[in-house]
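See structure below.
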Amino acid sequence: MIDIQRIRDNSREVVERLKIKHIDAGELVERILELDIQRRQMQKQLDDALANSKAKAKKIGELFKAGKKDEAEPLKEETARLKKETKTLQEKLDDAARELEELMTQLPNPPHPSVPSGKSEEDNEIIREEGVLPEHRPNALPHWELAKKYNIIDFEAGNKITGAGFPVYRGFGARLQRALIAFFIDEACNAGYTEYQPPLLVNEDSAFGTGQLPDKDGQMYHIPADNLYLIPTSEVPVTNLFRDTILKEDELPVKCTAYSLCFRREAGSYGKDVRGLNRLHQFDKVEIVQVTHPEKSYSALDEMVNYVAGLLHKLEMPFRISRLCGGDLGFAAALTYDMEVYSAAQQRWLEVSSISNFESFQAHRMKLRFRSSSGKNVPAHTLNGSALALPRLLAAMLENNQGPEGIHIPPVLQKYTGFDIIK
RNA sequence: GGAGAGGUGGCCGAGUGGUCUAAGGCGCACGCCUGGAAAGCGUGUAUCCGUCACAAGCGGAUCAAGGGUUCGAAUCCCUUUCUCUCCGCCA
């Protein structure tokens, strides 16, 4: 949700910006402006009526006390009439406010000026590429075959126990997962992030706060008996730590990291791209989240991108960074960078991280503010990024590091795995 | 899952129908005092909406949430929700 003031001040700019996301918000914004005016008029009427009736009730109290009961009677009738009036006004105001809120909620976050126009991922702007691409070896095995060969991931077992997209990691595979998680958390802590272990189920308010609801309803697993959602990313519980919060200015930036399982229904995905670890319903991810001063969110975004690039560098993975185009940008993000690693056997880039600045979009939804030096409460900016998501990284690592003797473990991970090769 | 008790400002806590415009305390901020500090004294200390210049001032809302009774509700009634205690179950 954006600041309504931004629409009041310059609705045209908002509409123009949203075109980059291929959204025609013209009508929606018009209706918002209308409702905003209506709502304020009604608020004024209601406040006046309430003030009037309040004053009269007080007067009645005084008259009663003075024993002038008969003088109070006509006033009583008047307040009774006012009461009906305020009730109608209140209902009308509530309706207008509710509709306004609903429409505001439907409005996506206008993208940052640096976001390239374009429709799909082909239009994303590659801004950096690092590392040497492994040369193509025709006999290189894709990770799903390596998984079977070394007996480290059992896709069939997951199929049997749960269903497709729920793999079972085994032996070296399980240990490698655990090593990656520990490595990522340690790195984040060293970079100043505080570690959290959040709940994996969240309530509706939390899902709304970060923008998953109502936009991505249907992509999350839902537990109807308790009306809870399985988190698609720990961004949801971690950012919601700060829902309904007023931070002190000197507490910023807040930097959090969390490992969690992530659950995604991925409704509608199928085919070759979902083979093996490429697209799962349950996966592991370490997330980094920042809450910053509005003026510092873009430098924080750069810092986060560099941080994640550093991780990939340490893991000796070739990667590239792209700036998402308007069409590929999410509902809540103003600017997103994707990090992709190159998979040798699949000969394609795999997305392993997505780092976004939401500006005040999430903050408005979840009432996350800080008290500025001028004494005003202003919405903070929120950012998050994967650091990193495991499955595709693991896929690329297995494929790129395979050799005749087995799969080599990057040196930086060896103290976590306790082995240097999978054979 | 069963029974009971509760939810009041940043925190503790008083308040069972009309000076609640929420006592008192703690905390915090500023000032006085002091060589400096502590203590003491004084002042201030919520959020949101509206009006307006997103100032001051003024009006309104908020005592878990929603509804009701009443001229008037923190206070009475109903519903929901959360917390705590005990019992049950359990890693």
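Sequence lines set the chain letters: A, B, ... in the order given, protein chains first and strands last, and positions in each chain run from 1. Side chains are part of it too, since the values below use all heavy atoms of this structure and drop only hydrogens, waters and symmetry mates. Worth saying up front: this structure is predicted, and the values here are computed from it rather than measured.
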Considering Watson-Crick and G-U wobble pairs with both distances under 3.5 Å, what does [N] pair with?
| N | result |
| --- | --- |
| G18(B) | C71(B) |
| A91(B) | none |
| C26(B) | G10(B) |
| U79(B) | A65(B) |
| U85(B) | A3(B) |
| G31(B) | C41(B) |
| G50(B) | C58(B) |

Q) Can the ring centres of His112(A) and Tyr298(A) be said to be less than 6.0 Å apart? A) yes
Expressed in whole Å, how much space separates the [atom1] atoms belonging to [N] and [M]?
| N | M | atom1 | result |
| --- | --- | --- | --- |
| C63(B) | A22(B) | P | 13 Å |
| G60(B) | G1(B) | C1' | 45 Å |
| C84(B) | A91(B) | C1' | 23 Å |
| G40(B) | A53(B) | C1' | 43 Å |
| C90(B) | G4(B) | C1' | 22 Å |
| G31(B) | G17(B) | P | 45 Å |
| U79(B) | C89(B) | P | 30 Å |
| U83(B) | A64(B) | C1' | 10 Å |

Q | Thr382(A) and Gln362(A) side chains, donor-acceptor separation under 3.5 Å | A | yes
Q) Judged by modelled atom types alone, do Arg369(A) and Thr245(A) share a side-chain donor-acceptor pair under 3.5 Å? A) no
Q) Is it true that Glu303(A) and Lys255(A) make a salt bridge, defined as a side-chain N closer than 4.0 Å to a carboxylate O? A) yes
Q) Between NZ of Lys56(A) and NZ of Lys76(A), what distance do you get to the nearest 0.5 Å? A) 15.5 Å
Q) Residues in side chain to side chain donor-acceptor pair (under 3.5 Å) with Asn109(A), at least two apart? A) none
Q: State which residues pass ring pair (Phe, Tyr, Trp, His ring centres under 6.0 Å) with Tyr196(A); sequence neighbours excluded, sorted by chain then number.
A: none
Q) Within the distance-only criterion (no hydrogens, no angle test), does the side chain of Thr86(A) pair as donor or acceptor with the backbone N or O of Leu50(A) below 3.5 angstrom? A) no
Between the protein and nucleotides 65-72 of chain B, list the N/O to N/O atom pairs that are separated by less than 3.5 angstrom.
| unit_1 | atom_1 | unit_2 | atom_2 | d |
| --- | --- | --- | --- | --- |
| G68(B) | OP1 | Lys87(A) | NZ | 2.9 |
| U70(B) | O4 | Lys83(A) | NZ | 2.7 |
| C71(B) | O2' | Thr79(A) | OG1 | 2.9 |

Q: Starting at the 5' end of nucleotides 47-64 of chain B, put B wherever the base has a protein heavy atom under 4.0 Å, S where only the sugar-phosphate does, and a dash everywhere else.
A: SSSSS--B----BSS---
Can you give me every donor-acceptor pair (side chain of residues 38-46 of chain A, partner residue at least two apart or in another chain, under 3.5 Å) with its distance?
| unit_1 | atom_1 | unit_2 | atom_2 | d |
| --- | --- | --- | --- | --- |
| Arg40(A) | NH1 | Asp36(A) | OD2 | 2.9 |
| Gln43(A) | NE2 | Asp47(A) | OD1 | 3.3 |
| Lys44(A) | NZ | Asp48(A) | OD2 | 3.3 |

**Q.** Qualifying residues under salt bridge (charged side-chain N to carboxylate O under 4.0 Å, His left out), relative to Glu99(A), sequence neighbours excluded
**A.** Arg31(A)
